[in-house]
There are 2 protein chains.
Amino acid sequence: MTAPAAGRPEGYDPYAFEPFAVTVDLAVFTVRDERLHVLLVERGQEPFRGAWALPGGFVLPQESAEQAARRELAEETGLLPRTVAGLHLEQLRTYSDPDRDPRMRVVSVAYTALVPDLPEPRGGGDAARARWTPYGTDGPLAFDHERILADAHERIGAKLEYTCLATAFCPPEFTLGELRQVYETVWGVALDRPNFRRKVLTTPGFVEAVEGPPRRTGGRGKPAALYRAGAASALHPPLLRPEGRSS
Amino acid sequence: MTAPAAGRPEGYDPYAFEPFAVTVDLAVFTVRDERLHVLLVERGQEPFRGAWALPGGFVLPQESAEQAARRELAEETGLLPRTVAGLHLEQLRTYSDPDRDPRMRVVSVAYTALVPDLPEPRGGGDAARARWTPYGTDGPLAFDHERILADAHERIGAKLEYTCLATAFCPPEFTLGELRQVYETVWGVALDRPNFRRKVLTTPGFVEAVEGPPRRTGGRGKPAALYRAGAASALHPPLLRPEGRSS
DNA sequence: TGCTTTATAGTCAGAATGACTTTAAAGAAC
DNA sequence: GTTCTTTAAAGTCATTCTGACTATAAAGCA
């Protein structure tokens with residue numbers, strides 16, 4: 001309105017304005033031991049030294065936010081970049097409150113990643129430690145990461161309804177029981193097994209049966225047939241969670 | 001990884017890195033003359049001087065991206081800030097390709113706004129001109145705005161399915177025919193009138209009838225009853241568009 | 001040899017949807 | 001003024017989808 005930056009500045013002098021820092025933050029979810037877990041790192045520096053936070057870091061001058069997110073994810077989890085390249089990574093939203101970082105203006109692009117159960121992370125990079133934490137048991141997180149995490153949880157819960165995203169939580173071959181576990185864990189509800197099975201199998205392209213009917217001895221109970229993720233990405237009609245309302 | 005900014009930098013010196021500029025871009029939609037229109041501005045400066053672009057501008061040091069988006073929207077449309085405060089504004093996603101602006105590193109947070117049919121904008125601020133353009137007839141836009149606009153269109157199309165968002169396109173009181181027009185215009189399909197009516201009226205909280213049955217003489221045809229937007233924000237079950245697939 | 005657990009195959013009623021038909025009430029064409 | 005066209009609004013009917021259940025099969029465990 002009145003400040004010089006209200007329009008695109010004449011000369012585009014990169015140093016004419018107080019600079020913004022741009023970071024990425026990652027809400028990485030997995031299903032482990034029938035509970036939803038989030039990847040958290042312990043901060044090694046002030047502010048919030050010793051507090052837990054979402055993994056993340058600065059976007060470098062020559063990379064996009066998504067490239068930065070994948071790089072950080074590889075660093076924090078110790079996964080091979082090749083593996084990280086195949087993971088489901090989705091931009092959540094951007095957090096830009098002027099006071100969200102006490103030191104300077106930091107705008108953060110948040111991403112959500114869904115991964116199958118992975119080995120324990122090796123606190124890489126600048127993070128003191130990294131670990132999988134059951135969702136909900138995380139104490140207060142640094143910065144506005146509590147809010148980001150809540151937004152991410154809401155988003156994946158909603159996306160399970162109308163996309164085939166749930167398979168991203170599963171290993172390459174999985175049983176319908178494992179797939180159902182994903183829904184039950186993220187939504188926090190119990191689903192009727194026969195109905196879930198019917199819905200998944202009658203949705204074209206959601207899953208495809210693995211050929212020579214091998215069976216998995218998960219633990220107790222009758223062995224189950226194995227499936228792979230299908231070619232579809234959307235669910236029509238959607239698989240709505242019980243109780244109606246989203247979020 | 002190797003660059004100094006891979007982790008949070010020690011001193012947080014705001015000038016230690018090549019600065020990023022942070023902007024907002026707005027995809028503002030309205031339904032006018034049974035067609036979907038987008039608010040575009042003509043660029044008054046290089047690059048892309050004379051080309052059409054989405055309205056937008058820099059985020060000021062003391063405002064959030066959403067505040068910047070509302071400020072820019074008020075400037076470009078000539079609407080009162082009080083009016084703009086009530087409009088539906090939704091963050092779309094952030095575009096951060098390193099080369100999206102030829103001059104410097106610009107990260108842009110895109111927003112989508114849905115407005116009722118508004119008066120012609122008065123090319124305010126730094127934009128040479130501003131106008132409503134039928135969606136699809138916009139020539140090539142500046143920067144990556146073509147892509148942003150396509151993403152925005154896909155997003156609102158999807159949100160019409162499972163939210164009550166369509167009422168944001170309508171004036172405070174509207175007929176079911178006008179509401180159906182919104183769906184048909186955004187989706188580009190014809191909907192069965194009786195079925196649409198049944199769906200809307202049986203969804204609790206989608207719309208509420210205006211009391212003393214006034215009627216609108218839109219043009220030809222039987223006058224229709226008026227409705228207001230209801231209290232609900234989500235649609236359960238959703239109103240799926242014909243043909244299944246999203247986007 | 002039973003429990004308990006999980007997979008898998010069905011059944012059945014109610015809800016939701018898609019395709020239509022019909023009547024009513026306006027403006028436009030003649 | 002009569003007829004045609006357009007839109008609103010009410011209602012029908014068959015199909016599909018879903019939620020709630022029952023039943024059987026195949027494993028591990030006590």
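Chain identifiers are assigned alphabetically (A, B, ...) following the order of the sequence lines, protein sequences preceding nucleic acid strands; residue numbering begins at 1 within each chain.
- Take A/Arg32 and apply the side-chain hydrogen bond (donor to acceptor under 3.5 Å, both in side chains) test, not counting sequence neighbours, and it matches A/Asp117, A/Glu120.
- Straight-line distance from the CZ atom of B/Arg241 to the P atom of C/dG18: 14 Å, rounded to whole Å.
- If you measure from atom CG of A/Leu191 to atom P of D/dC21, you get 15 Å, rounded to the nearest angstrom.
- Among residues two or more places apart in sequence or in another chain, the side-chain hydrogen bond (donor to acceptor under 3.5 Å, both in side chains) test is passed with B/Ser108 by B/Thr23, B/Asp25.
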Can you give me the N/O atom pairs linking the protein to nucleotides 13-17 of chain C at distances under 3.5 Å, or say none if there are none?
residue: C/dT17; atom: OP1; partner: B/Lys199; partner atom: NZ; Å: 3.2

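- Within a heavy-atom distance below 4.0 Å of DNA chain C, the residues of residues 164-188 of chain A found are A/Gly177, A/Arg180.
- Between the A/Gln67 side chain and the A/Ser64 main chain, a donor and an acceptor come within less than 3.5 Å of each other.
- In this structure, the nucleotide among C/dT8, C/dT21, D/dA8 sitting nearest to the side chain of B/Lys222 is D/dA8.
- Applying the salt bridge (charged side-chain N to carboxylate O under 4.0 Å, His left out) test to every pair with at least one member in residues 139-153 of chain A, sequence neighbours left out, gives these pairs: A/Arg100-A/Asp144, A/Arg147-A/Asp151.
- Here salt bridge (charged side-chain N to carboxylate O under 4.0 Å, His left out) pairs that include residues 225-237 of chain B, with residues two or more places apart or in two chains, are B/Glu173-B/Arg228, B/Glu208-B/Arg228.
- In this model, the phosphate group of D/dA8 is not approached by any side-chain N or O of B/Arg197 to a distance below 4.0 Å at OP1 or OP2.
- By the side-chain hydrogen bond (donor to acceptor under 3.5 Å, both in side chains) test, B/Lys159 is found to be paired with B/Glu90, residues two or more places apart in sequence or in another chain being considered.
- Side-chain proximity of A/Arg193 to the nucleotides C/dA7, D/dA26, D/dT7 is greatest for C/dA7.
- Every residue two or more places apart in sequence or in another chain was checked for a salt bridge (Lys or Arg N to Asp or Glu O under 4.0 Å) with B/Asp97, and none qualifies.
- Applying the salt bridge (charged side-chain N to carboxylate O under 4.0 Å, His left out) test to every pair with at least one member in residues 229-240 of chain A, sequence neighbours left out, gives no pairs at all.
- Here B/Asp192 pairs with B/Asn195 under the side-chain hydrogen bond (donor to acceptor under 3.5 Å, both in side chains) rule; sequence neighbours left out.
- Note: B/His153 and B/Phe29 have tilted aromatic rings, judged against thresholds of 30 and 60 degrees for the angle between ring planes.
- Residues that satisfy the side-chain contact (heavy atoms from CB on, under 4.5 Å) test with A/Thr185, not counting sequence neighbours, are A/Val31, A/Leu36, A/Gln181.
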So which protein N/O to nucleotides 28-30 of chain C N/O distances come out below 3.5 Å?
none

